[in-house]
Amino acid sequence: MIRLGLLLMIVPVVLLMGVYFWELGDVRECTLSGGYWDYLDGVCRDTPQPFVSWLERYPLLVNGGMLLSVLGLVLCMVGFYIKQR
């Protein structure tokens, strides 16, 4: 139970960070070339675009990942409690 909890606690956060930094690389490439990143379409534009947060664009990914991490924490706590008895 502890191993499953650790897996559920760590993997969603690492995946979220990976997807975030993947998009950040595209955004930096666009801005360094003099463009403006369109967060909704995921393309580089010539005109300024509004910022749209990750939570607004991918609510299921963000909230689901955090819920899985909390579930992993609970499983770890239960696993440690049962093992100590």
Side-chain angles (χ1 to χ4, degrees):
M1 187 176 289
I2 295 173
R3 288 183 184 164
L4 178 62
L6 285 172
L7 190 68
L8 283 176
M9 197 165 49
I10 294 171
V11 170
V13 175
V14 171
L15 286 176
L16 281 174
M17 286 183 0
V19 174
Y20 171 79
F21 282 115
W22 184 314
E23 183 186 57
L24 181 63
D26 293 339
V27 172
R28 285 187 47 84
E29 182 182 336
C30 175
T31 55
L32 288 176
S33 67
Y36 299 94
W37 187 255
D38 186 351
Y39 289 94
L40 294 175
D41 293 333
V43 295
C44 194
R45 306 261 187 218
D46 293 334
T47 59
Q49 302 293 316
F51 174 74
V52 181
S53 73
W54 242 62
L55 187 58
E56 290 177 34
R57 289 181 282 143
Y58 306 111
L60 187 61
L61 183 68
V62 174
N63 292 331
M66 292 299 107
L67 282 174
L68 282 176
S69 290
V70 170
L71 177 64
L73 177 66
V74 169
L75 284 176
C76 283
M77 290 171 53
V78 169
F80 282 127
Y81 178 74
I82 291 174
K83 201 167 201 165
Q84 299 257 340
R85 287 178 80 194

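Numbers here are sequence positions counted from 1.
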Counting heavy atoms not belonging to L32, are there more than 12 under 6.0 Å from its CG? yes

Ignoring hydrogens, what is the shortest heavy-atom contact between W37 and E23? Give both atom names and the distance. NE1-OE2, 4.3 Å

Under 4.5 Å between side-chain heavy atoms, hopping through other hydrophobics if needed: is there a path connecting L6 to F80? yes

Are more than 12 heavy atoms from other residues, nucleotides or ligands located less than 6.0 Å from atom CG of D46? no

Rounded distance (nearest 0.5 Å) linking atom CG of L68 with atom CE of M9: 12.5 Å

Hydrophobic cluster membership, with links at side-chain heavy-atom distances under 4.5 Å among I/L/V/M/F/W/Y: are L60 and L67 in one? no

Flag side-chain contact, heavy atom, 4.5 Å: L15 against V19: no

Return the set of residues passing ring-ring contact (aromatic ring centres under 6.0 Å, His included) with Y36 (not counting sequence neighbours), or none when no residue passes. none

If I compare all heavy atoms of G5 with all of C76, which pair ends up nearest, and what's the gap? C-SG, 3.5 Å

Which value, rounded to the nearest 0.5 Å, describes the distance between F21 atom CZ and R28 atom CZ? 11.0 Å

Grab the two heavy atoms, one from L75 and one from M1, that are nearest each other, plus how far apart they are. O-CG, 3.6 Å

Considering all heavy atoms of both residues, which atom of R57 and which atom of Y39 are nearest to each other, and what is their separation? CD-O, 3.3 Å

Closest non-hydrogen atom pair between P12 and G65, with its separation: CB-O, 3.4 Å

Honestly curious: do M66 and Y58 fall in one hydrophobic cluster under the side-chain, below-4.5 Å linking rule? yes

Look at the side-chain heavy atoms of Ile, Leu, Val, Met, Phe, Trp and Tyr, link any pair under 4.5 Å apart, and say whether V27 and V52 land in one connected group. yes

Hphob cluster co-occupancy, I82 + L4, side-chain heavy atoms under 4.5 angstrom: yes

Should T47 and Q49 be marked as a side-chain contact (heavy atoms from CB on, under 4.5 Å) after you check the CA-CA gap, both sets of side-chain angles, and the distance that decides it? CA-CA 6 Å; T47 59; Q49 302 293 316; 3.1 Å; yes

